[in-house]
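Here the structure is a predicted model, which means the values were calculated and not measured. Every chain is numbered from 1 and lettered A, B, ... according to where its sequence line falls, protein lines coming before strand lines.
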Number of protein chains: 2
Amino acid sequence: MATSITVHDVAKAAGVSASTVSRALSGNTAVAAETRDRVVEAARQLGYRPNLAARGLITGTTHNIGLVVPDLENPYFASITKSVQSRALAAGYSVFIADSDEDIRTELELVHQLSKQVDGLILCSPRMAASDIAAVAGQTMMVLINREWEGLTSVVVDDAEIIRLALEHLHALGHRHIAYVGGPEKSWSNQKRWAAIERIAPTFDDLEVGKVGSYAPNFDGGQSAADVVVASGATAALAYNDLVGLGILARLTTRGIRVPEDLSVMGIDDVNVATLVSPGLTTVRSPLKKVGRSAVNSLVDLMNPTDRHSAPEDLPVQLVVRQSTSVPQQHS
Amino acid sequence: MATSITVHDVAKAAGVSASTVSRALSGNTAVAAETRDRVVEAARQLGYRPNLAARGLITGTTHNIGLVVPDLENPYFASITKSVQSRALAAGYSVFIADSDEDIRTELELVHQLSKQVDGLILCSPRMAASDIAAVAGQTMMVLINREWEGLTSVVVDDAEIIRLALEHLHALGHRHIAYVGGPEKSWSNQKRWAAIERIAPTFDDLEVGKVGSYAPNFDGGQSAADVVVASGATAALAYNDLVGLGILARLTTRGIRVPEDLSVMGIDDVNVATLVSPGLTTVRSPLKKVGRSAVNSLVDLMNPTDRHSAPEDLPVQLVVRQSTSVPQQHS
DNA sequence: GGAATCTTTGCAAGCGATTGCAGAACTCAC
DNA sequence: GTGAGTTCTGCAATCGCTTGCAAAGATTCC
């Protein structure tokens, strides 16, 4: 591989010193117009691109950010990742991606690996211990998604409102016994959602919401949960997220249990696969694109304390009714 | 933010020089066992993590790689991304992610931005012009996925075999008129697949395969294509990929056209959402996880020319029959 | 015991950029 | 023509780390 060209090459070509090249290209300091043109032209001809590592060494800023997610194949995180990447590009940052594969150890490892080569980190649905988060936060700028921690900036969707919308919908349909299919115990969102249920369920007349196990937050988890849901006698299932909902749907179909006639099923998030299935999955939509964008904005604000801060976006959730929920029928 | 600790801090703490710290921690040069222990202990206590940018500056290697994909929300690329990330981590590399959003300009822009801060690049389904690829390849180590270019390493699944398996399956069921629903014109895979069809279709008795338009390689693209497929009079549709297949499925369901009774539908790739729908989508599976892993392995080999090269993996494709294909029925 | 060899360590240079400082060149006014 | 004030540019230091070289100390061998 050809050894890449440096400021010195450009300097030589333009007949100036390296410092002049630096100044001419950065534009921070005054350089004679004629000189600048000569430098710019030389740089263009040689195809010069500054070595960002070297620059970072001296300026102390890499213009890189890191994003840690539990599972890239989960469309929920794929959407967030996509919007983070897109917004970061617009803001002049490159992004390191790290998939912890739902594993706490891996997550921590990745965070450490990344923390030294980025200006800031976005942790999405982190499972790691609060103490570890705090430790890393002391060294690196950090924004949390779907988790809060004192003193740290975070972007969270309103879990309580999600739950309220979901319960309201099911209750309005006439359901009085609902099973909540829980996600990972360590998941902050899962905890928040269950807490919201315990708080909000009593506000509805005659509504009983039971919790069913803890399952992996994906299709397989839903499949595992389905039979337990059926056995619980509930007339509706509210899944931790859409993938779990889809897993339940699939398993029920296999068993010949009709949705929504025999059992209503709801997801949460409205990831883009929720529309693909039939019956379409009723769900509560989280504004994933906004979440990612907002996280980057917050992080950029954090990293450039001098700039004017962008106003925090609000993150509205919304009930999306499809075919997987209906009025409960009497069991035979 | 606390200024991070350097070799010098560790050196002072351990009562040695910076160079000794470097040697003790890297293990490349002999260091007295007792000294090493002291250094390691000091480093551990201080939580020292080397500044990789600084190291990269001198060793000329960043231990970062870049991955460019057209669409992270597409489960096909999500799977590849996940396996690339995972394998890269195991090999000691961090990965930059770049989503070009199917746009050639963005893709080129991202490649340039990344090329200066990585040891190597993986380009997944690049749409960019061959000349641009060549230009970048001159500066940065590079591995291509789903595209070939003279002199460059690439990882490709056997499109001809995919097509052969698909046509064989549909022909065996009795289909004689098949519609191929094309993906993006600039997509190398799409070109290869259609070329394979033109070559292989004639080897089957009495088989006619027509091409239907060019559609976005996603769910929406499939929905757009469905009506045209129906109008073409084909008894089976072979989609450019699973998402297009799912889009077709959804649109047909909406129109009340039964699958597979009225029309058989096949996808390609077997992305992990293909199982979620009913009827399940018949498809030809590409070994996505292996593709990602293999790309990283090749890139690592390229970047470390001295090491023993890993044997190239073979990437077997496989027909997966689900419920979306069957014997064609006579039209009323 | 002394020369030769080996091991261990520190000094200093340098990776590719940025930037404070100071000198050179130029302008302008008196 | 001289001094003051501007502009522009180069020197040299620096960021955090690695590494060639050489010196110092330890060990071996005759």
Exercise for the section: List for me each residue that meets side-chain contact (heavy atoms from CB on, under 4.5 Å) alongside A/Ser17, sequence neighbours excluded, and say none if there are none. Expected result: A/Ser19, A/Thr20
Handout entry: Any residue meeting ring pair (Phe, Tyr, Trp, His ring centres under 6.0 Å) with A/Tyr76, in chain and number order, not counting sequence neighbours
Key = none
Problem - Rounded distance (Å) that lies between atom P of C/dG10 and atom NE2 of B/His8 - result: 12 Å
Fill in the blank from the handout: Within residues 13-22 of chain B, those residues having any heavy atom closer than 4.0 Å to DNA chain C are B/Val16, B/Ser17, B/Ser19, B/Thr20
Completion exercise
side-chain hydrogen bond (donor to acceptor under 3.5 Å, both in side chains) with B/Asp119: of B/Thr140, B/Thr62, B/Asn304, only one passes, and it is B/Thr62
Problem - Exercise: identify the closest heavy-atom pair between A/Asn146 and A/Ser125 - result: ND2-OG, 3.4 Å
Fill in the blank from the handout: Residues at least two apart in sequence or cross-chain that pass side chain to side chain donor-acceptor pair (under 3.5 Å) with A/Ser115, listed by chain then number, are none
Problem - B/Arg23 CZ to D/dC17 P, straight-line distance once rounded to whole Å - result: 15 Å
Problem - All ring pair (Phe, Tyr, Trp, His ring centres under 6.0 Å) counterparts of B/Tyr48, not counting sequence neighbours - result: none
Practice task
Scan residues 45-58 of chain B against DNA chain C and write down, sorted by residue number, each residue with any heavy atom closer than 4.0 Å; if none is found, say none.
Solution key: B/Leu57, B/Ile58
Could you list the protein-to-nucleotides 6-8 of chain D atom pairs, N/O on both sides, closer than 3.5 Å?
none

Problem - salt bridge (charged side-chain N to carboxylate O under 4.0 Å, His left out) partners for A/Glu34, two or more places apart - result: A/Arg38
Handout entry: Value in whole Å for how far the P atom of C/dT8 lies from CG of B/Asp37
Key = 13 Å
Problem - Angle between terminal axes - the helix from C/dG1-D/dC30 to C/dC30-D/dG1, 5 pairs each end, rounded to 10° - result: 50°
Handout entry: Donor-acceptor pair between B/Glu41 and B/Gln45 side chains, under 3.5 angstrom
Key = yes
Practice task
Specify the separation, in whole Å, of atom CZ of A/Arg36 and atom P of D/dT9.
Solution key: 10 Å
Problem - For atom CG of A/Asp9 and atom P of C/dC15, their distance in whole Å - result: 12 Å
Practice task
May I ask you to say whether B/Arg127 pairs ionically with B/Glu102, meaning some side-chain N is under 4.0 Å from a carboxylate O?
Solution key: yes
Can I get a per-line list of side-chain donor-acceptor pairs under 3.5 Å for residues 289-296 of chain A, giving both atom names and the distance, sequence neighbours left out?
from	atom 1	to	atom 2	distance (Å)
A/Lys289	NZ	B/Glu73	OE1	3.3
A/Arg293	NH1	A/Glu313	OE2	3.2

Exercise for the section: Using salt bridge (charged side-chain N to carboxylate O under 4.0 Å, His left out) as the criterion, list what pairs up with A/Asp101, not counting sequence neighbours. Expected result: B/Lys82
Practice task
State, without any angle test, whether A/Asp103 and A/Thr106 hold a side-chain donor-acceptor pair at a distance under 3.5 Å.
Solution key: yes
Fill in the blank from the handout: So side chain to side chain donor-acceptor pair (under 3.5 Å) across residues 5-14 of chain B, not counting sequence neighbours, yields none
